[in-house]
J.: 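Quick one: the structure is below, questions incoming.
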Amino acid sequence: VHSFYRWRRRLGDDEPVRFALLETRRPIAEVPAALELVFTSGERLRIGNHVDAAALRLVLGEVRQ
């Protein structure tokens, strides 16, 4: 709630603001991954065998930043 009002104040009242609620859930079934990256935050990025190379480069580029 605090974050909502802070962003609403920062964005001002000039235009209507739309927010989306993001919920994360554990996967129903664990799918084996060819590669798993574990971040210091505890988050995991599982990469399957048939991932598109261009998409993987894009994701890894963003993670590095």
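Along the sequence shown, residues are numbered consecutively beginning with 1. Remember, predicted model here, so these are calculated numbers, not experimental data.
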J.: I'd like to know whether OH of Y5 has more than 12 heavy-atom contacts from other residues, nucleotides or ligands below 6.0 angstrom.
T.: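 Result for OH/Y5: open.
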J.: State yes or no: do I47 and V63 share one hydrophobic cluster built from I, L, V, M, F, W and Y residues joined by side-chain heavy-atom distances below 4.5 Å, directly or via other members?
T.: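 Yes, one cluster joins them.
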J.: Same cluster or not: L58 versus V51, using hydrophobic residues (I, L, V, M, F, W, Y) connected whenever any side-chain heavy atoms lie under 4.5 Å apart?
T.: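 No.
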J.: Kindly compute the distance separating CG (L45) from CG (L37), expressed to the nearest 0.5 Å.
T.: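 The CG atom of L45 sits 5.0 Å away from the CG atom of L37.
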J.: Does one hydrophobic cluster hold both F39 and L56, with members joined at side-chain heavy-atom distances below 4.5 Å?
T.: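 Result: yes, single cluster for both.
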